[in-house]
Protein chains: 2
Amino acid sequence: MPKNYSKFKKITENWKLLIAADIVVFAFIENKLSVLLVERRYAPGIGQWAIPGGFVREDESLEEAALRELNEETGLSRSSYLEQLYTFGEVKRDPRGRVISTAYMVLVSEPEKIRLKASDDAINAKWFAISGLPTLAFGKSHKEILLYAWQRLKWKFEYTNVAVTMMHPEFTLTELQKLYESVYNKNIDKRNFRKKILSLDLVEPIDKVSQELGRPAQLYKAGTKKLKIYNRVI
Amino acid sequence: MPKNYSKFKKITENWKLLIAADIVVFAFIENKLSVLLVERRYAPGIGQWAIPGGFVREDESLEEAALRELNEETGLSRSSYLEQLYTFGEVKRDPRGRVISTAYMVLVSEPEKIRLKASDDAINAKWFAISGLPTLAFGKSHKEILLYAWQRLKWKFEYTNVAVTMMHPEFTLTELQKLYESVYNKNIDKRNFRKKILSLDLVEPIDKVSQELGRPAQLYKAGTKKLKIYNRVI
DNA sequence: TTTGTTGTTGTGAATAATACACTTTTGTGC
DNA sequence: GCACAAAAGTGTATTATTCACAACAACAAA
């Protein structure tokens, strides 16, 4: 280490800082926007539901830590989308000491393929519809992070094509519309929706139809075209 | 400290993490969007220009640290706007050790009132037009932060009324337009601009005109109306 | 009073957003 | 095979919004 690092050395002494990564995981389950929560095994907030997360280790980046913790606590191993949301740095956020926490948002396309599991830190992991959240641990903090993430998601849905990353590989326009409706929390006109989506080339029809009740629907896949993306990770 | 903090204790052992706050300061100087940079006194990057910033202390939040460092390194004490941008958490960002850095953006309304000064850490502090930046310290990292901040600023100008926080308390519409043009880096039609700004009620005319060359211009002040603001700090 | 400089004002065309309801295609039960 | 249920698919008229574009007005200096 070169000279002139004296100030650095001084600052590194005498106190301890930890950084945590918290991850808001969204998926579209039974036509409802849903969030993955864990039931905490340890204090603070034993037995309460919380956003999955944990401390960053020495040899991993913030993003790596987010994905590792997510995998450890929930079994979720591959997600289609990861985006940093915000870093919370108030002095007394955590009773355990000086903890800074960076919140991430993850979007999952096929939640039914994920085997949720208990872990060292979490007694349980479970999907909750955004409209039926339980009381969360960590006072208002986790609730706020969650609502902030939802807000960001609405934004992204308006200005990018992230929505398709939450769909199955093959989907109908009606399904896609239901996802938009659950994220915006309001109804959308079918014709206007289709006009818009198709004019943006966000999706491509495939040579296949769905077979459900009623008239079969054209199936689509995600388009190759990427929308202009504004945030760093968007 | 309650029981069951064992994992926390384990993680806090054996390694050191520091968190830094970097601040991109924008002001509108001589019709040009400008950025405040400091000339580094210490390694790494001695003598090179860099975004002002420094390490967060034990007893201060991230935002407090950002503002304190800004004040220490540049003499800047009051800014009209502060917003968190992004947290960089790669493992080997900094030669001094594991450093995580949160970038902030600050907007200044009356840069000519600020007495820039040298400091412990900075030999010098100086405004640079965004189109005439010097080579920056810290490899590509600081340049990227800066360009990201500029991008974010463009966004904010489109969807909020932050622009007026960069103007003097009294300003003409032409001055405001010049600011928009310097941020967007393109020309704007005068008539359309005025129509838009006035229809949004972003500004209020005051009982005063400017006295420059040519026809006197109506002076305006910031409107009380706040635009809907989407990001956490926006 | 002329010239230079800047501020102020309006209109028409193109595009995008919104509101709105019926027909088509399939499967099922009689 | 016919009536019904269920969901998919489709078009048009109206209203906002955006954009391109140029003449005139107010003042100062010469």
Side-chain angles (χ1 to χ4, degrees), chain A residues 28 30-32 154-155 157-161 163-164 167-168 170-221 225 227-228, chain B residues 28 30-31 154-155 157-161 163-164 167-168 170-221 223 225 227-228:
Chain A
F28 185 51
E30 291 166 7
N31 283 341
K32 290 195 281 279
K154 287 180 193 172
W155 256 91
F157 266 54
E158 234 175 302
Y159 294 108
T160 76
N161 58 349
V164 297
M167 301 301 294
H168 286 190
E170 302 177 348
F171 54 89
T172 68
L173 291 186
T174 300
E175 286 163 0
L176 185 62
Q177 181 180 342
K178 289 249 162 65
L179 172 58
Y180 269 92
E181 288 177 335
S182 71
V183 169
Y184 290 157
N185 200 24
K186 69 175 186 189
N187 295 330
I188 302 172
D189 179 82
K190 193 198 270 195
R191 282 166 293 187
N192 291 338
F193 178 78
R194 294 163 104 89
K195 209 186 307 172
K196 189 68 191 285
I197 294 293
L198 294 175
S199 75
L200 290 176
D201 284 332
L202 295 188
V203 296
E204 293 173 12
I206 59 176
D207 193 20
K208 212 165 159 192
V209 292
S210 80
Q211 211 43 287
E212 306 272 335
L213 193 60
R215 174 173 171 176
Q218 175 67 49
L219 284 169
Y220 291 80
K221 61 174 180 175
K225 186 175 176 183
L227 276 195
K228 190 178 174 186
Chain B
F28 185 51
E30 291 167 7
N31 283 341
K154 288 180 192 173
W155 255 92
F157 267 52
E158 232 176 304
Y159 294 108
T160 78
N161 58 349
V164 297
M167 302 300 296
H168 286 188
E170 302 177 348
F171 52 90
T172 68
L173 290 187
T174 300
E175 285 163 2
L176 185 62
Q177 181 179 341
K178 290 249 162 64
L179 171 58
Y180 269 91
E181 288 178 334
S182 71
V183 168
Y184 290 158
N185 200 24
K186 69 174 186 189
N187 295 329
I188 301 173
D189 180 83
K190 196 195 264 197
R191 284 162 292 187
N192 292 336
F193 178 78
R194 294 164 104 91
K195 211 185 308 172
K196 188 72 189 283
I197 294 293
L198 294 175
S199 75
L200 291 175
D201 285 333
L202 296 187
V203 297
E204 292 172 15
I206 59 177
D207 193 20
K208 212 166 158 190
V209 293
S210 79
Q211 210 44 285
E212 305 274 334
L213 193 61
R215 174 172 170 177
Q218 175 67 50
L219 283 169
Y220 292 82
K221 62 174 180 174
K225 185 175 177 184
L227 277 195
K228 190 179 177 190

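Reminder, nothing fancy here: chain letters follow the sequence lines and each chain counts from 1.
In this structure, the side chain of B:Gln211 does not engage the main chain of B:Ala217 through any donor-acceptor pair within 3.5 Å. Side-chain atoms of B:Ser199 come within 3.5 Å of backbone atoms of B:Lys196 as a donor-acceptor pair (strictly under, hydrogens ignored).
Residues B:Ala163 and B:Phe157 approach most closely at CB-CE2, 3.4 Å, considering heavy atoms.
Screening residues 205-215 of chain A for salt bridge (charged side-chain N to carboxylate O under 4.0 Å, His left out), with sequence neighbours left out, gives A:Glu170-A:Lys208. Screening residues 194-218 of chain B for ring-ring contact (aromatic ring centres under 6.0 Å, His included) gives no qualifying pairs among residues at least two apart or on separate chains. Counting only residues at least two apart or in different chains, side-chain hydrogen bond (donor to acceptor under 3.5 Å, both in side chains) contacts with residues 172-183 of chain B comprise B:Gln177-B:Glu181.
Looking at residues two or more places apart in sequence or on another chain, you find no salt bridge (charged side-chain N to carboxylate O under 4.0 Å, His left out) involving B:Asp201.
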For nucleotides 6-13 of chain C, 5' to 3', base contacts (B), sugar-phosphate-only contacts (S) and non-contacts (-) with protein non-hydrogen atoms under 4.0 Å give BBBBBB--

List the steps and the verdict of side chain to side chain contact (heavy atoms under 4.5 Å, CB included) for B:Phe171 and B:Val164. CA-CA 9 Å; B:Phe171 52 90; B:Val164 297; 4.1 Å; yes

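Rounded to whole Å, atom P of C:dT18 lies 11 Å from atom CD1 of A:Ile188.
Mapping heavy-atom proximity under 4.0 Å, the span of DNA chain D touched by chain B runs 5' to 3' from D:dT18 to D:dC27.
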